[in-house]
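Have a look at the structure below, then the notes.
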Amino acid sequence: MKKQQKNNFVPKANVVQNTDFAMEIKKALRGKEIPVLVLDNRWHKLFPPGKKPADIEILEKEVNRLLKRQGYLVNHIKDLKKSKKKLMNGIIAGMQGDTDFDDLKKDNQQRLLLEMNEKIEKDSDELMLLPGEIKEANEALMMLGASYCFERLENGDEEIAQLNQEIKQIKNILIDKTEEKEELEETMDNAYALMHGLLGHSIMNLYDKKHKRRPS
């Protein structure tokens, strides 16, 4: 079989981050099976339709294009092989005494057979390369998605830390305000008791009714 030159998928410059962390992730993933992300529901929960970054969409389209091409080639090769089998049967029938079989028809069938073999070989060569190209594009998509997710997690951790600090401050304010309220209530109760003792029940009852403070 002739080897078809591999058409490497070259991701955009910002797709794979050349950081030490990214290199560590790549190293850790060696030999591990990565699911085809565009076919995985978990991926679409991370990046739901309508909320995908533009570069994520570009890579998804590339993976989908390669998958579609792979499916097309598989079916096309099957169809070519079926047609080839019918053609071979026709050639054999002609060689076994078909009265309509002549040199012109034979030459035409031989030409068609040769063309089919070339198409099958060409498509088969391309089909052999596609898993590697799909893997490469899928890994690039995974790395880009991971960079977005790690950024989300990092920002989320910072936001949670900030919220925890704000909650702590609010709790301290609440404690202070509660103590202040209790001290004020105690002061007012003491003042009321003293005024009640000095002015008597009837006068304080007038005050209570006016301010609707408490029963007399």
> Stepwise, does the salt bridge (Lys or Arg N to Asp or Glu O under 4.0 Å) test hold for E185 with K181?
Replying inline: CA-CA 6 Å; E185 286 176 342; K181 170 181 170 290; 2.9 Å; yes
>> Could you walk me through whether L67 and L39 satisfy the side chain to side chain contact (heavy atoms under 4.5 Å, CB included) test, starting with their C-alpha distance in whole Å, then the side-chain angles of each, then the deciding distance to 0.1 Å, before giving a yes or no?
In response: CA-CA 10 Å; L67 289 171; L39 304 178; 4.3 Å; yes
>> Working note: E158 + Q162, criterion side chain to side chain contact (heavy atoms under 4.5 Å, CB included); need CA distance, chi angles, decisive distance, verdict.
In response: CA-CA 6 Å; E158 291 176 359; Q162 182 179 350; over 6 Å; no
> Do L129 and E133 pass the side chain to side chain contact (heavy atoms under 4.5 Å, CB included) test, and can you show the C-alpha distance, the side-chain angles, and the key distance before you say yes or no?
Replying inline: CA-CA 7 Å; L129 295 175; E133 294 180 23; 4.0 Å; yes
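Rounding to the nearest 0.5 Å places CD1 of I173 at 10.5 Å from CD of E166. Remark: L80 CG to K85 NZ distance equals 15.0 Å, nearest 0.5 Å. Between the CD1 atom of I170 and the CG atom of L174 there is a distance of 9.5 Å, given to the nearest 0.5 Å. Taking CG of L127 as the start and CD1 of I120 as the end, the distance is 12.5 Å to the nearest 0.5 Å. In this structure, the separation between CG on N117 and CD on E115 is 10.5 Å, given to the nearest 0.5 Å. Taking CD of E182 as the start and OG1 of T187 as the end, the distance is 11.5 Å to the nearest 0.5 Å.
Donor-acceptor pairing under 3.5 Å is lacking for the side chains of R152 and N155. Defined by atom type and a distance below 3.5 Å, a donor-acceptor pair is missing between the side-chain atoms of D123 and Y72.
Across every non-hydrogen atom of P35 and N138, the tightest pair is O-ND2, 3.0 Å. Nearest heavy atom pair, residue F47 against residue P53, reads CD2-CD, 3.9 Å.
Qualifying side chain to side chain donor-acceptor pair (under 3.5 Å) partners for N64, counting only residues two or more places apart in sequence or in other chains: none. Taking R69 as the reference, E126 meet the side chain to side chain donor-acceptor pair (under 3.5 Å) condition, with sequence neighbours excluded.
With a 6.0 Å radius and a threshold of 12 heavy atoms from other residues, nucleotides or ligands, Q165 has its CD atom above the threshold. Shown here is E159, whose CD atom has no more than 12 heavy atoms of other residues, nucleotides or ligands within 6.0 Å. The number of heavy atoms from other shown groups lying within 6.0 Å of CD (E186) does not exceed 12. Within a 6.0 Å sphere centred on NZ of K52, other residues, nucleotides and ligands contribute more than 12 heavy atoms.
Within the 4.5 Å cutoff, side-chain heavy atoms of E60 are placed close to those of H44. Looking at heavy atoms from C-beta onward, D125 lies in side-chain contact with E121 at the 4.5 angstrom threshold. Within the 4.5 Å cutoff, no side-chain heavy atoms of L37 are placed close to those of V63. The shortest distance between side-chain heavy atoms of R65 and E62 falls below 4.5 Å. The side-chain heavy atoms of W43 and L141, taken from C-beta on, include a pair separated by under 4.5 Å. Between Q109 and L113 there is no side-chain heavy-atom pair separated by less than 4.5 Å.
In the hydrophobic cluster analysis, where Ile, Leu, Val, Met, Phe, Trp and Tyr join through side-chain heavy atoms closer than 4.5 angstrom, L184 is grouped apart from L194. Criterion: ILVMFWY side-chain heavy atoms under 4.5 Å apart, direct or through other members. Under it, I77 and L114 are not part of a common hydrophobic cluster.
Evaluation of the salt bridge (charged side-chain N to carboxylate O under 4.0 Å, His left out) test over residues 37-48, restricted to residues two or more places apart or in two chains, returns D40-R42.
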